[in-house]
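For reference, the structure discussed in these notes is given below.
Sequence lines set the chain letters: A, B, ... in the order given, protein chains first and strands last, and positions in each chain run from 1.
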Amino acid sequence: MTHLSGSSLYERIYAVIRQIPAGQVSTYGQIARIVGQGDARTVGYALAAVTEASGVPWQRVINSQGQISLRGAEGYSEQRTLLEAEGIQFDAQGRVDLKRFGWSGPGSEWLEAHGYDPLWFMKK
DNA sequence: CTTCTGACGAAAT
DNA sequence: CATTTCGCCAGAA
């Protein structure tokens with residue numbers, strides 16, 4: 001079903017992340033605001049649980065400062081490599097310019113089709 | 001049932 | 001700019 005009650009919170013988070021196009025990035029907080037439940041941490045928790053075969057473009061979610069949030073050096077370089085392969089550029093401080101590569105969010109038709117109210121975003 | 005543990009963010013200090 | 005505070009998911013032990 002298209003309504004929210006059909007899937008778990010994590011599944012709804014993954015659904016939104018799957019809408020991020022290659023070459024663009026979103027933030028933990030932005031995903032949380034779109035889903036309308038949980039917070040930035042919850043999105044981080046959900047991403048920590050994704051598997052390779054899940055089809056979730058996990059690399060396209062970074063923190064609000066434009067930086068990669070993965071802890072270890074291995075994870076950091078993997079995510080950065082994947083993003084650079086999509087054309088994302090990092091500055092000398094390892095930050096992505098969200099004004100330039102930031103995702104504007106799902107289209108209103110997608111929101112409606114998935115049980116969200118497109119107008120809800122106007123009041124935030 | 002309780003406790004612990006992870007990819008966070010905004011505001012106050 | 002560096003720290004602190006608090007918000008409040010899901011699975012394992």
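Whole-Å rounding puts the A/Arg60 CZ to B/dC8 P distance at 20 Å. As rounded to whole Å, 9 Å separates atom C1' of C/dC9 from atom CZ of A/Arg41. Rounded to a whole Å, the CZ atom of A/Arg95 is 12 Å from the C1' atom of C/dC1. Rounded to whole Å, atom P of B/dA10 lies 11 Å from atom CG of A/Leu98. One atom, OH of A/Tyr28, and another, P of C/dC9, lie 19 Å apart when rounded to the nearest Å. Between the CD atom of A/Gln37 and the P atom of B/dG9 there is a distance of 19 Å, given to the nearest Å. A/Ile13 places its CD1 atom 13 Å from the P atom of C/dC8, with the value rounded to the nearest Å. Atom-to-atom, CD of A/Glu11 to C1' of C/dA10 comes out at 12 Å; the value is rounded to the nearest Å.
Comparing A/Asn63 and A/Tyr10 by the nucleotide of DNA chain B that holds the closest heavy atom to each, the one mapping nearer the 5' end is A/Tyr10.
Residue contacts shown for A/Val61 are absent, as no nucleic acid heavy atom lies under 4.0 Å away. At a threshold of 4.0 angstrom between heavy atoms, the contacts of A/Leu70 include nucleobase atoms, whether or not backbone atoms are also involved.
When every heavy atom of A/Val16 is checked against every heavy atom of A/Val35, the shortest pair comes out as CG2-CG2, 3.8 Å. Of all the heavy atoms in A/Gln67 and A/Ile62, the pair that sits closest is O-CB, 3.4 Å.
To the nearest whole angstrom, the two C1' atoms, one in C/dC8 and one in B/dT5, are 14 Å apart. Across B/dG6 and C/dG7, the matching C1' atoms stand 16 Å from one another, rounded to whole Å.
Of all nucleotides listed (B/dA7, C/dC9, C/dG7), C/dC9 comes nearest to the side chain of A/Tyr45. Closest to the side chain of A/Leu47, from the set B/dA7, B/dC8, B/dG9, is B/dA7. The nucleotide whose nearest atom lies closest to any side-chain atom of A/Asp39 is, among C/dG7, B/dA10, C/dC9, C/dG7.
Inspection of the A/Tyr14 and A/Arg18 side chains reveals no N or O donor paired with an N or O acceptor under 3.5 Å. The closest side-chain donor-acceptor pair between A/Glu86 and A/Gln59 falls under 3.5 angstrom. With hydrogens and angles left out, the side-chain atoms of A/Trp103 and A/Gln30 include no donor and acceptor closer than 3.5 Å.
An OP1 or OP2 oxygen of B/dC8 is reached within less than 4.0 angstrom by no side-chain nitrogen or oxygen of A/Ser64.
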